Amino acid sequence: LLPVDDKLALLLQEWKENIDEKIVSVVDGREPEILYDPIEYVLVGQGKRIRPLLLLLACHAVGGAIAACWDAAVAVELLHNFTLVHDDIMDEDDTRRGRPTVHKKWNVSVSLLAGDGILALAYSSLLKTRNQRLPQLVDIFTEGLVDVCEGQALDLAFETRGCVDLDEYLCMIGKKTARLLNMSAKMGALIGGGSDAEVRALGDFAYNLGLAFQIQDDMLDILSDEATIGKTYGSDVKQKKQTYLLIHALSHAGQAKREELLGLLSDSDINEADLRRVKTLFEEVGSVESGTSAVENHVRAAVRNLEQLQPGPGRQYLHAFLDAIHRRDA
Ligand code: IPE
Ligand code: IPE
Ligand code: MG
Ligand code: MG
Ligand code: MG
């Protein structure tokens, strides 16, 4: 018998291939090209497919049939891709998944439309789901999307706000990122026929996983490199985003370092040397260490949520999936 991790790796690989194949088929035979070429470009990009995989794992964990999940799984991945296309315009980023962003390769108008189209296709896919709980699924999907918009709005508003505290930050990332993982897990559990308690536990698990995921994302922005993450290096710093690292550093640095950091950020043209200095300041102030332990705390909370479920292979898979995300470098 393979250890769970290897068995899970094979299963996820198979599911991911299925998602990759099904997701591009949504544009098959559609016109005009000016809409569907950029959409196809986005959908063939090398995404990790974390949200649909989570939906499938949640369905599996409640003993449901995976076959009933594909349209909803494709829908949550489409929804995620819609948010990325518009997010890249908002964040003025040039690179995503190791390629030029849509507004760079085409232009902002094409990119707005591509995002709109992907969102419409997401609903179209979700509505193909044959399940008596479809009205509930559509409700969760829609409320989740509203929260993502609110989270993205807060993210934008925080760029020009002096000080943001940790609670406000957690609320913002909860909405812009954790909510989409939360709804994916809940939808999988609902399609799989899970009980209210199971749907809640899986939703909470995914929410905590999502908080950890966004704090990691904030750290990778400055600690990793463009080739590894496939995204513009230091984008958050250039955009003056209130990330975990910045919020921690501004509230824990001594006066000299705090002023140096604010000085670096107030520059209208932040260069590579500035980014390296910001990174060093984050390290020296202990913000990187704090971020690492914040990720661990949310991962531990997610593990406690899993303990609400019956023990079994489904629960073990989710645990291994959580560990794999905890270890991620992209
Ligand atoms: C990026 O999500 C957006 C965030 C919520 C941080 P992913 O890191 O899951 O992006 P892909 O789909 O794998 O490219
Ligand atoms: C992503 O936040 C949130 C959404 C796309 C909704 P980021 O702006 O940090 O994501 P990346 O780093 O561009 O992938
Ligand atoms: Mg972004
Ligand atoms: Mg953003
Ligand atoms: Mg980011």
Side-chain angles (χ1 to χ4, degrees), residues 38 41-42 45-51 77-105 108 111-112 114-115 118-119 144-161 164 166 168-181 209-249 265 270 275 278-279 282 287-288 290-292 294-295 298 325-326 328-330:
Y41 175 80
V42 171
Q46 290 303 304
K48 295 181 289 293
R49 313 301 196 201
I50 284 172
R51 297 145 189 87
E77 181 62 19
L78 286 167
L79 180 60
H80 165 61
N81 281 263
F82 146 71
T83 71
L84 295 182
V85 173
H86 285 194
D87 177 74
D88 286 336
I89 303 172
M90 293 169 61
D91 295 348
E92 302 181 57
D93 280 327
D94 298 350
T95 311
R96 161 85 56 196
R97 295 173 174 165
R99 305 173 309 164
T101 48
V102 179
H103 66 280
K104 279 287 152 185
K105 193 172 164 71
V108 171
S111 178
L112 287 171
I118 296 172
L119 177 57
L145 170 57
V146 172
D147 276 350
V148 173
C149 294
E150 291 179 6
Q152 287 286 75
L154 290 170
D155 176 278
L156 190 64
F158 288 176
E159 284 179 23
T160 49
R161 248 190 56 183
V164 170
L166 207 57
E168 292 173 304
Y169 167 80
L170 287 172
C171 170
M172 182 271 283
I173 67 166
K175 288 185 172 197
K176 79 167 180 177
T177 300
R179 193 64 169 88
L180 192 34
L181 278 83
L209 168 58
L211 294 177
F213 187 82
Q214 184 60 48
I215 298 171
Q216 287 180 315
D217 182 79
D218 284 3
M219 304 221 292
L220 291 169
D221 179 74
I222 188 87
L223 300 178
S224 188
D225 55 82
E226 197 143 328
T228 309
I229 55 175
K231 302 194 280 195
T232 313
Y233 175 70
S235 164
D236 293 336
V237 179
K238 292 182 183 159
Q239 242 11 66
K240 304 176 203 332
K241 293 290 187 190
Q242 295 282 350
T243 63
Y244 185 92
L245 296 174
L246 182 64
I247 291 166
H248 180 278
L265 288 169
I270 298 173
L275 290 176
V278 169
K279 176 181 168 182
F282 285 159
S287 309
V288 172
S290 170
T292 305
V295 169
H298 291 298
I325 289 180
H326 191 186
R328 80 190 178 107
D329 59 7

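We count ligands from 1, going down the list as the structure has it; atoms in each ligand are counted the same way. These numbers come from a predicted model, not from an experiment.
Metal site remark for the Mg ion (ligand 5): D221 contributes no N, O or S atom at a distance under 2.8 Å.
The side-chain hydrogen bond (donor to acceptor under 3.5 Å, both in side chains) check on T177 picks up Q214, with sequence neighbours excluded.
D217 contributes OD2 as its N, O or S atom closest to the Mg ion (ligand 5).
Of the residues listed (T95, D88, D217, T101), the one engaging K231 in a side-chain hydrogen bond (donor to acceptor under 3.5 Å, both in side chains) is D217, and it is the only one.
Note on ring orientation: taking the six-membered ring where Trp is involved, the planes of H248 and Y244 are parallel (angle under 30°, cut-offs 30° and 60°).
One N or O on the side chain of E226 and one on the backbone of Y233 form a donor-acceptor pair closer than 3.5 Å. Looking at H103, its side chain does come within 3.5 Å of a backbone N or O of D93 through a donor-acceptor pair.
R161 and Q242 share no side-chain donor-acceptor pair at under 3.5 Å. A donor atom on one side chain and an acceptor atom on the other are not found under 3.5 Å apart for T243 and D236.
Protein atoms of type N/O/S that fall under 2.8 Å from the Mg ion (ligand 4) number 2 in this view.
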